[in-house]
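Residue numbering restarts at 1 for every chain, and letters A, B, ... go by the order of the sequence lines.
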Amino acid sequence: MYFAGCDLGSTTGKVVILDDAGGEVSIAGWSVVPASYLPEDTAGAAFDDVLHRCSLDSLDDLTATCCTGYGRASVSYISDNVSEITCHARGARWAHPGARTIIDIGGQDVKAVVLSGTGKVLDFAMNDKCAAGTGKFFEVMANTLCCSLPELGELARRAGACAHMTSQCSVFAESEVIAYMNQGTAREDIAAGIHESIARRLFSMAERVGYREDVVLTGGCAKNEALRVALEGLLGCLLVRLPIDPQIVGALGAALFAREHHASAARRSDAPTRSTGRA
Amino acid sequence: MGKEIIVGEELADSAAYRRLEASIQEPESEEMRAWKDAGGKVIGCLYNNIPEELIVAAGLTPYRIRAVGSTGAELADSRFSQINCSLVRHLYDSAKRGRFDFIDGLVAANDCDHMRKLYENWKATIDEPYFYFLGFPKKHGEPQAARLATMLGDFKKSLEGSFGVEVTDEKLRAAIDLLNEIRQLQRELRDMCTSDDPPISGAQMLTVAIAGDSMPKKVYRDLLRQLVIDVRCMGDATRPRARLVIYGGEIDSPELLVAIESQGALVVADSLGGFGSRNCACDVSTTGDLLFDLAHWLVVDRPHEPRTFNTAPERYAYVDGICKEYGADGVVQVHVSMCDLWSYDRLNFDRHAGMRNIPCLDLDIEYVLSGEGQLKTRVQAFVETITDKER
């Protein structure tokens, strides 16, 4: 049986297909596509791609699907949805059973989630409308420094010093970057300061939920080595390197929920009576 | 198996509810226009410490100022600072745009510095026929009730002098009885939500409460009587995934609760101010001096807000009590950004909830709902967390 999870974020859409062969669950395939104007179009493109990769004919080959991310309630053919906070927790836990804290850096938000020893979400924190610490912050800064996102990370790794940013706000930090540029500060040092600024933002969020090891970084920005190093320095521990692409963790969690909800529904249909007690 | 009924879905069939709902869509309701057309006068009230009973006894209709439909606060920028909350900014902006031109006067109290600033700016720039500012005690107790009774006497004289009416004891008693009946009917409606399958959603309950300050009280009372009958006749609704209590200061629009309840939760009860359960938790006594009885209700009897000193234990006990009574799974704390009173309380309540093992979600909001996507993610994740029984 195949189960799919779809994570529709602000900048990309991700789909993961799980192959459940008699209880042995593995990732059959995954896809990451740029976000379209409509979440449904993004989902369509990601599904087309991943179905092709998995040599599946159509959505009919999937036993159940579940959606997460900002567009989670916007796909007409997926009725099941779970928040990205819960999905990232579930996906990270599946990929690394020792995970107790998940820090997810999305395109327009950032979240810190702390789990119990059994994987239950104990607490979470999420940024408000502010873009500080998010992928959008990276985009704005890379644009200001006239480089690509991968180049921004590379620049930071070559820095000899760190040009500290006093603000984590995208708008004010951009002004600081421009001031540094006009002072003749090396691009590498400014890039290091940008990463340090984001790491501080993530650290404060992790502190707020009471982070504990093992700490897992998820989302597209988790591939940024300079950010990982800066964050490890503040957290005082090493971040776990997942055996899967950190960008698909949310979609993976959604796929696991699709499988779990399918099993629950099957159990309910077998049950003779329904409990009437208050939850 | 019959058709599943979503919580509150059947309420759309109630003509009384439809009328109450329609009355809150614009600053001036149809009922208020009819009152004005018949020569009635309307007194705008800022926030929830205004003795409406005195206004009703003077033959006037109290109207709680709400910037319903406001989309911006540009006109407030020149008279408020960045640390003033969005509530007062939007109220002032709407006032400057003439959206409250139907009021015949404005009454305010020293609820907080933001509200004082609003009153001062309103008075300085908008020509209302009548202004009154009530100094409301910061402490609760018998001396404060006595002091407030004296101030209510002054307010009564001001109304009498400005509007050419006499507020007799008989009229005041009738007004108190009318508002007490409204409180009793609201409690009756709220009590129905203690059941496993509440017939009315939190957003609908708030709609009903807001309507109470958007039209003449007798018209509202009659609609409320009918609504209680209608709701009693409704069938069992779908059981909510999670039962929540909402706690905070002022929410004067149901939009936030609609967003919260769209995530599988039901707001079964609240500890909110003027439009919430705190305002109808108990009745005003009519056994002694009526001004003192009214003052006593305002500063002693009804559940308190953080602006009243040394009331945290009572406030939290009230929330604990409704959580237990309504079988709540968790509490959602809401506070408008820059509201210092509720922001400080938020941290203390978080600690209290932690000690009591009450799951609690904090939501920072603005007066006009925004960032709905992130808000819904938070609420959905919270609901998933408190209903996750498998781990």
So which atom in A:M126 and which in B:Q374 form the shortest heavy-atom distance, rounded to 0.1 Å? CE-CG, 3.5 Å
Portion of B:L375 that has a non-hydrogen atom of chain A nearer than 4.5 angstrom: neither
Please list, in residue-number order, every residue in residues 94-104 of chain A that has a heavy atom less than 4.5 Å from any heavy atom of chain B; write 'none' if there are none. none
At a 4.5 Å cut-off on heavy atoms, which part of A:V113 comes close to chain B: side chain, backbone, both, or neither? neither
Heavy-atom contact with chain B under 4.5 Å, split by part of A:D123: neither
Taking the side chain from B:E384 and the backbone from A:V121, do they hold a donor-acceptor pair closer than 3.5 Å? no
Is the number of heavy atoms from other residues, nucleotides or ligands under 6.0 Å of B:R187 CZ greater than 12? yes
Is the number of heavy atoms from other residues, nucleotides or ligands under 6.0 Å of B:L347 CG greater than 12? yes
For B:Q380 and A:I85, what are the C-alpha separation, side-chain angles and deciding distance, and is it a side chain to side chain contact (heavy atoms under 4.5 Å, CB included)? CA-CA 9 Å; B:Q380 186 175 355; A:I85 289 166; over 6 Å; no
Test item: B:K376 and A:R72 side chains (from C-beta on) under 4.5 Å apart, heavy atoms: yes
So with a 6.0 Å cut-off around OH of B:Y344, is the heavy-atom count from everything else above 12? no
